[in-house]
Amino acid sequence: MNTTLTHLPSVTLPRNDGMPLDLDWVASVQANTSAIERRAKTLPGRRSVKKDYQAAWLCKAVSCIDLTTLSGDDTAMRVRRLCAKAKQPVRADLLDQLDLPELTTGAVCVYHDMVATAVDGLDGTGIPVAAVSTGFPAGLSPLHLRLEEIRESVKAGATEIDIVISRRHALSGNWQALYDETRAMRDACGPAHMKAILATGELGTLRNVARASLVCMMAGSDFIKTSTGKEPVNATLPVTLTMIRAIRAYHARTGLMVGYKPAGGISKAKDALVYLSMIKDELGDRWLQPDLFRFGASSLLGDIERQLEHHLTGHYSAQYRHPIG
Amino acid sequence: MTVKEIFETMDYGPAPEDASEALAWIVDQGAAFGHFINGQFTEGRADFETKNPANGNVLATVTQATEAEVTAAVKAARAAQPKWAKDGHARAKVLYAIARLLQKHSRLFAVLETLDNGKPIRETRDIDVPLALRHFYYHAGMAQLMESELPDAAPLGVCGQIIPWNFPLLMLAWKIAPALAMGNTVVLKPAEYTPLTALLFAQICQEAGVPKGVVNIVTGDGAVGEMIVGSDVDKIAFTGSTSVGRMIREATAGSGKALTLELGGKSPYIIFDDADIDSAVEGLVDAIWFNQGQVCCAGSRLLVHEAMAEDVYARLKTRMQNLRVGDPLDKCIDVGAIVDPAQLAAIKAMVDANTDGDLFQTTAPDGCFFPPTLITGLHPADTLMQEEIFGPVLVATTFRTPSEAVQIANNTRYGLAASVWTENINLALDMAPQLASGIVWVNGTNMMDAAAGFGGVRESGFGREGGWEGLSGYTKPRSTPKALKPTVAMKGDSTPTDAIDRTAKLYIGGKQTRPDGGYSTPVFAKNGDLLGHVSLANRKDLRNAVEAANAAKGWSKTTGHLRAQILYYLAENLAARAPEFAARLDAMQGGKSGKAEVEASLKRLFTAAAWADKYDGQVHNVPMRGVAMAMKEPIGTIGILAPDEAPLLSLISLIAPALAMGNRVIALASSPFPLATTDLIQVLETSDIPAGTVNLLTGHAADIAKPMGGHMDIDAVWSFRDAATATTVERASASNLKRTWVNNGMATDWTQDLTKQVLLHATEVKNIWVPYGE
């Protein structure tokens, strides 16, 4: 077992092995959209993090980023460049001043074909490689191929697998099918940790988001994740609130901690702070570590780098002063 | 802590709002304030200090107004009023200018408010100030529309306005904006704890071009409030405690001053078993920990379905531990300082005195802070379930069924607001009309906007602030009333014209009953003939009538269509006996006007019947995805001291619209001419009007006015007798703060159709907020 597991829940927390599908619980779930939106809308006005605290929180956000490239034109060199950035996400001189020289991102997230390259690029760093699997992003390839893809990715060295759920099962209310399929994927993951992507932008209602969240946790997901980044609407605060409240309910019932990953649409340092405060207030401090929280983001890091330089110098920064990934 | 350490702890850290601008403003004013009278600030006297409750620092000294200063302010307002009332467009421009300036200086207002009051900057910045300026924008529009949309409305004149310390600027806006829009001028007194934003507002008035004398602000404590109440104003608008409201009601009784009261509350917050529990728990944060719970409409009484109670309490306790209590100028604080050590002591005393239930508290810093508190396992019989605490203290109990939830929710002297949490729209919309409150929030709490009226029922007061319904508190019908001439009974000798004794009985609960006292009085014709006797009702007959009326609650739940049918039928039956009624009226009153009076009465019945299913509510245009439904609800049981003059027409003009809206009535018939009313009993008996819906008494107003005014199970009293009766009714009405509508001894022309005025008094607007979205 390589050292990358230091990022994973199993080190300090019992892994979520799931539970039998509890349809009564799923059916009883409520999510009042207007009330959830109100909470989400007023939170940024209720929480504010300033000066050194803001710098520390932004560094925390960096440590939780799944630095991601998921493009048709990805090449090995492109992925290596990304890995280099994951190892040194913020300029060394800035990190030295912050006294956080070891800061890295949470993981690097790539397509299956790039897993081996990423593993090699991150060798010796402890940074895990996450692979998007299961016919990403639509999840409509044959099930046996999707399961096989997981196994291949794990074999190639991915220690985290981001799977996509079959939206059609959630939309048609076939929770058993969703459970069974997700369970099979979890089995295929073996020791690798599974992040279940709900594609919340395609689930229609927050109630469906809450139900799908519960079913995926019952099926043994280590993380639940909002989106592929390819849906028209990706991570939002109301969706986040709905999903983390499901995580909280699951924890209250089972004692197990499931992680959360918002993905897509979070590109500003300020937004990252709001997400972190929502996690802190709704789930608690324990969830503010990379073993239970990740940002699926590619452009967020650039904005954080500029904010950190501003913090340290008192001058607004420029993008070109920070190395690209 | 170093960045590295914070990286591990992930604490929030301090996020202070800069107060230097606001403090500099205070210093610029010499940190000593006078009043704002006739467009000028008076020289300040250091009569009392206003402090920052978060740290006890003195912010400035403020002046306690003298009688002469209050008089000068009222005089300035009086002089300015006629010209101010002339041009709605000019008023709109001024109100718009105020709104713009509030917006421009919004941060200064927010910081100053937080300094003076102790509430979190998050609230002043995101709620108080935006709502206040919204109120001025909204009412700029009302000033513009008054001429075209309210052609029959005239301003009241000078309004005395007394506001509390919990929302100093917002309450000022709620008072001043509608008053000014409708062409009134004002003398406003901010609370002694929190005068500063009102004084900054005075400066804004100077900048906005408010004509001198239109807005006057005098500072001081309750003694100054008393001076305003006793001064030469046309209206008192008060927001504050129920006990002070009661004193004002007594003090203004019979003065002819219009009155609106926005008082205390113990608002229920009801969570059903199908609610989104997490959202309901989060809602409680905004219900009871908003503004440290110092909110009249705070959801302070939690009612949870028995099946969910433990789950709700557990989640609530977890949530409470995340509430950040402390420096209100910190942008990351949820609960700030209590307004004053005296208020803190009052909260503490109430909580300490309670030995029932289970107490759960988080922590609060030393100083003028009180920790968020939850007391579960209480029952309606516990003091804390009944009394307003006005602090961050939530009390909780359970219920089994929706009807029990209604029963517990309504088991209170108050009736300001209510929250209902359920995902079942049938249940939500069934609960809303049943709750005794002026406001119902479905799956939400503390939603407020200028476009929707705010105000309560029962001892939470009367009048609405905001919306079209709020304007009636600042207008009166355009008319020039004359003094009412007494109507005297005819005299005669007691010789009966026929041998059969004719003593009309009282009509109570659908039955003709003998008076409790066993006395009667003769009624003579103009020519001195004895027409018959009528019973003399006393307070026990009134009591019985109230019991009957309250047993007839079903009438309020009938459809407008049914009530219209019954009123038409009543008209039909009266028409069948029109000549007999006309003759009776002529015999009692003399002259030949009886026929016309009966015909006019029939018209009034038709008009009331017509309105029964057409006096629609509104859906207000509030800034949210959802509807705010302004439903017109019946007042309940209305006691009417019907006029002495035009005995049939005036009675029907009043009771028909009241009935059409679903009220039950107890009317004292014209004392000199009661027989048309007692004849009406037979018509009522044959017209399908349910027993107890209409109760008719005869006798002397002097016997009935006081017990009627004071009866705590009557919801409104209307008096159209002499001025003394009006005074008696209004003074007695303080018992339960019932609505009153009195003539103050002025005459009413009953040949004019006043149905729309009556409808206004026969209904109360309930605003039901229903946010939606899936």
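To find a chain, count down the sequence lines: A is the first, B the second, and so on, and within it residues start at 1. Since the model is a prediction, treat every value here as computed from it, not as a measurement.
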Item checked: Audit row: B:F7, A:L103, side-chain contact (heavy atoms from CB on, under 4.5 Å) steps and yes/no -> CA-CA 11 Å; B:F7 182 81; A:L103 188 70; 3.8 Å; yes

Would you please test A:V49 and B:K331 for side-chain contact (heavy atoms from CB on, under 4.5 Å) and show each step?
CA-CA 9 Å; A:V49 190; B:K331 287 178 274 193; over 6 Å; no

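If you measure heavy-atom distances from B:P16 to chain A, you find no contacts under 4.5 Å at all. For a residue to count as touching a neighbouring chain, one of its non-hydrogen atoms must lie under 4.5 Å from one of that chain's; by this rule B:T2 does not touch chain A. For A:L58, no part sits under 4.5 Å from any heavy atom of chain B, backbone or side chain. At a 4.5 Å heavy-atom cutoff, the contact between A:R207 and chain B is made by backbone and side-chain atoms alike. Using a 4.5 Å cut-off between heavy atoms, B:R315 makes no contact with chain A at all. Only the side chain of B:E282 comes within contact range of chain A, with heavy atoms under 4.5 Å apart. At a 4.5 Å heavy-atom cutoff, the contact between B:A275 and chain A is made by backbone atoms alone. Only the side chain of B:D126 comes within contact range of chain A, judged by heavy atoms closer than 4.5 Å. Both the backbone and the side chain of B:M1 have a heavy atom closer than 4.5 Å to some heavy atom of chain A. Within the 4.5 angstrom heavy-atom criterion, atoms from both the backbone and the side chain of B:D11 approach chain A. B:D330 does not touch chain A: none of its heavy atoms, backbone or side chain, sits under 4.5 Å away.
With chain A as the partner, the residue from B:V285, B:N443, B:D278 showing the most heavy-atom pairs under 4.5 Å is B:D278. Counting heavy-atom pairs closer than 4.5 Å to chain A, the top-ranked of the candidates B:R319, B:E8, B:R625 is B:R625.
Using a 4.5 Å cut-off on side-chain heavy atoms (C-beta onward), B:S279 and A:R245 make contact. Considering only heavy atoms from C-beta on, A:L276 comes within 4.5 Å of B:M10 through its side chain.
Not one N or O on the side chain of B:K4 forms a donor-acceptor pair closer than 3.5 Å with the backbone of A:L100. Although no hydrogens or angles enter the test, the distance criterion places no donor-acceptor pair under 3.5 Å between the side chain of B:R324 and the main chain of A:R46.
Surrounding CG of A:D285 are more than 12 heavy atoms belonging to other residues, nucleotides or ligands, all under 6.0 Å away. In the displayed structure, A:R168 atom CZ is contacted under 6.0 Å by more than 12 heavy atoms of other residues, nucleotides or ligands. Within 6.0 Å of CZ in A:R321 there are 12 or fewer heavy atoms belonging to other residues, nucleotides or ligands. By the neighbour-count criterion of 12 heavy atoms within 6.0 Å, atom CD of B:E21 is sparsely surrounded, having that number or fewer from other residues, nucleotides or ligands.
Note that OG1 of B:T318 is 7.5 Å distant from CZ of A:R248, once rounded to the nearest 0.5 Å. For the atom pair CD (B:E5) and CG (A:D99), the distance works out to 9.0 Å, reported to the nearest 0.5 Å. Note: A:D281 CG to B:D334 CG = 7.5 Å, rounded to the nearest 0.5 Å. Separation of atoms CG (B:N322) and CD (A:E282) is listed at 8.0 Å; rounding is to 0.5 Å.
Residues of residues 23-38 of chain A lying under 4.5 angstrom from chain B, judged on non-hydrogen atoms, are A:Q30, A:A31, A:N32, A:T33, A:S34, A:A35, A:I36, A:E37, A:R38 in numerical order.
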